Amino acid sequence: MKNKNAISSNQLIFFTVASQVGVGIIFLPAQLAEIAGHDGWISVLIAGILFSFFILIVAAFMNRYKKKSIVEINRLLYGTYLGSIINVCLAAYTIIFSAAILRMMVEAMQLMGLKYTPRIVLTVFLIIPSIYTINGGLKVICRYLHITVFIGVILAIYIVLILGRIRPTYLMPLGEAGAKSIFNGVWTSIFAFLGIELIPFIYCEVNDKNHVVKKVLIGNLISIIIYISVVISTTGLFGEEMIKNLQIPLLSLARVCYSNIFERLDLYFVTTWVMAMGCVLRCYLFSGYYGAINAFNIKTRKWVVALIIIVLVCVISLEPREFIYLKERTKALGWIGFSVIVFYIFSYILSFINKRGVSR
Amino acid sequence: MKKIISLILLVMFSTTSAGCWDQKIYEKIGFDLQVGIEPTSDGALLITRSMPVIGKGALSDMDIIKIKGGLLRETRDKARLRSPKSAEGGKVQQILISRSLAEKGIHELLEVFEREFINPVLAYVVIVDGSPYELIETSHKFIDKPIPPFYINELLRNGIKGGAVPECRIFNYDINYFDPGIDPMLPIIKISGDGKEIEIAGSALFSQDKMVGKVTTAETSLLRLMSNRLKKGSTVFYLEGDGEKIKKGAAVSYQLKSHQLKVSTDNNKPVVTIKFSLNCILEEYKWGSIENPEEKERYEKLFSKELKDRCNKVLKYTQEVNSDPLGIGDIVRAKENSYWKSVDWSKAYKDVQFNIEPTIRIVRSGVIK
């Protein structure tokens, strides 16, 4: 039977970029402006480089087990009981994260037009494409993620349109925020680079494993470029003082773009942005689903698991009621996501002591 | 079977999802194209909204509604009680603010346009010398002009292109307002020509969000030129002896070739040196005005001197009214940060020493000498 989850290492580039950029880009410029002023892009660069090291460590960890997923590795490293608990926690993390992304998509729709449409209606409609792609397996998801190229081109067009309005002085003097603020900005940026913690979930499905490190690093590099471009262009356009007062600077950037034929270009941006968030949602949702069926070793009736996860994601996404609390929840999830990466690093070190299942 | 299910799902979702947005029938919606804001004698706001009349039967092509209230949203809701159409703000072209209100501060008035996604931040913000209501009402009666929102839009667009009008969209104003080193500048319009046309009467200078002064359109061009925000334009130089003639001055069009703005400090005072060079084409003067290179150089020096004097005059005025439309403060913050942190820029701007060094080169003089 053909494996519908098998993907190439090239597709891993799309997976990495999509899982990192779609959500982090929403609040990052405003959060960085509050912490590091106009030097936020330096924090992004440092965080991106730091994440490249994390990728190297995580890849080295996964390489020690070659054809095994993180679920199997946890059982080997921590034993059946503790390993299973860890696996359930990891699956729960991806499910809660998926719920947060779904909620952000709903909020975006309500913010930009469908003000009074019931949240539950939007939730159901927005998750339908994800159900369809997850049903197709990882291969279909990764093929869908090729759409990130189109999203990237659209984003680049918007940035080019406002390039002439950027004031270089808004990014000067370099390093004014000071080392402490820039370092604090690194912590904030780290949350934006989350997404690579999903790689161990799908690592075993990548065909050419020798290229995994290279391709994930390329994906991370693309994410760094996108983040820096967005932070520099929004800061250079609005200035650090105004950007602090904006909820979603990237959306405000789109609002100032004008074309004689299309008039308000922000309306087109909204469509693109929802697609970008849909990409992240699919990455996390699939990882949650895949992690769950492996954690519970389910071979038949996988659709029941998918249904439970979808319902869980929809229900969790309905809370909190107000958008302002969602920001807090995202921050907390960021910490959990970072803890997952730290956990991988810890497991890597542990794998040198407990060598059960390590490939020779 | 699969295809039938897909088709059913497609029809089902496409029809039900259409119900997610309130139905908006074009003929039943009133698009605010202009919003006029001015103070009333009892401390409230007088909001004037003009929207096009769509459909047959009306004698006028614009519906003008004047309402008193405390908030723009409040007046919109009141407008919906008077107008046969439901007023929507997504197509607003201009926010017309009276000068008297601008002198009290306008920043908070524009907040609603930034807050609500559907509202455009691309609308122009314009100061009206007089009452916005009267301007809208009067311009509505022009018989040889396009409908007022488009007429004013064209005036502003042409003015921005030619240099006479500063960039004045809502987001331009907000960016400059939030920047502690730049003050906003907005165009001023008024009714002129015996009440038969609208004229751009100059630009309003702001300090923070309060209008503190006014410059002419020619001075606006100079300010934009000095801040490297104008690449092409035209002007008239008045030479000695012109005063006695009926035909006065030399008209030139110019193109900015180079621009340099340097900031330094001397005795704890900022020194700003602006060097720029213009390539000019002599467009109108007198027969035989430039017959040899010496003559050309003489005119270049005369034009450069006059330009320098004009620049110094307008900069001195901006210092007098304490408005920094060039964004000198922003450059000081970026390049002389320790000095910036040691002073209160709103007070220090008056002490800036400007050195303006324009260079003019006459590159062509048409097909006559």
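Keep in mind that what you see is a predicted model, and the values were worked out from it rather than measured. Below, chains carry the letters A, B, ... as their sequence lines are ordered, and counting in each starts from 1.
Two residues are said to be in side-chain contact when any heavy atoms from C-beta on lie closer than 4.5 Å; D174(B) and F238(A) fail this criterion. Inter-residue side-chain proximity for E241(A) and D179(B) is flagged as unmet; no heavy-atom pair is nearer than 4.5 Å. Between M242(A) and E114(B) the shortest side-chain heavy-atom distance falls below 4.5 Å. Here the side chains of R333(B) and Y170(A) are in contact, with some heavy-atom distance below 4.5 Å.
Side-chain N or O atoms of R255(A) include one that pairs as donor or acceptor with a backbone N or O of N119(B) at under 3.5 Å. Not one N or O on the side chain of R165(A) forms a donor-acceptor pair closer than 3.5 Å with the backbone of N172(B).
The minimum heavy-atom distance linking A334(B) with P173(A) is given by the pair O-CB, 3.5 Å. Contact between V256(A) and V121(B) at its shortest, heavy atoms only, is CG1-CG2, 4.3 Å.
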Quiz item: Please walk me through it: do Q247(A) and R115(B) pass side-chain contact (heavy atoms from CB on, under 4.5 Å)?
Solution: CA-CA 10 Å; Q247(A) 289 264 29; R115(B) 184 179 295 277; over 6 Å; no
Quiz item: Does the side-chain contact (heavy atoms from CB on, under 4.5 Å) test come out yes or no for F178(B) and I243(A), once each step is laid out?
Solution: CA-CA 9 Å; F178(B) 277 107; I243(A) 214 169; over 6 Å; no
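Within the model, atoms CH2 of W340(B) and CD of E176(A) stand 10.0 Å from one another, a figure rounded to the nearest 0.5 Å.
In this structure, the portion of L251(A) lying under 4.5 Å from any heavy atom of chain B is its side chain and not its backbone.
If you tally non-hydrogen atom pairs under 4.5 Å between each of D330(B), L122(B), I331(B) and chain A, the highest count goes to D330(B).
Other residues, nucleotides and ligands contribute only 12 or fewer heavy atoms inside 6.0 Å of the NZ atom of K335(B).
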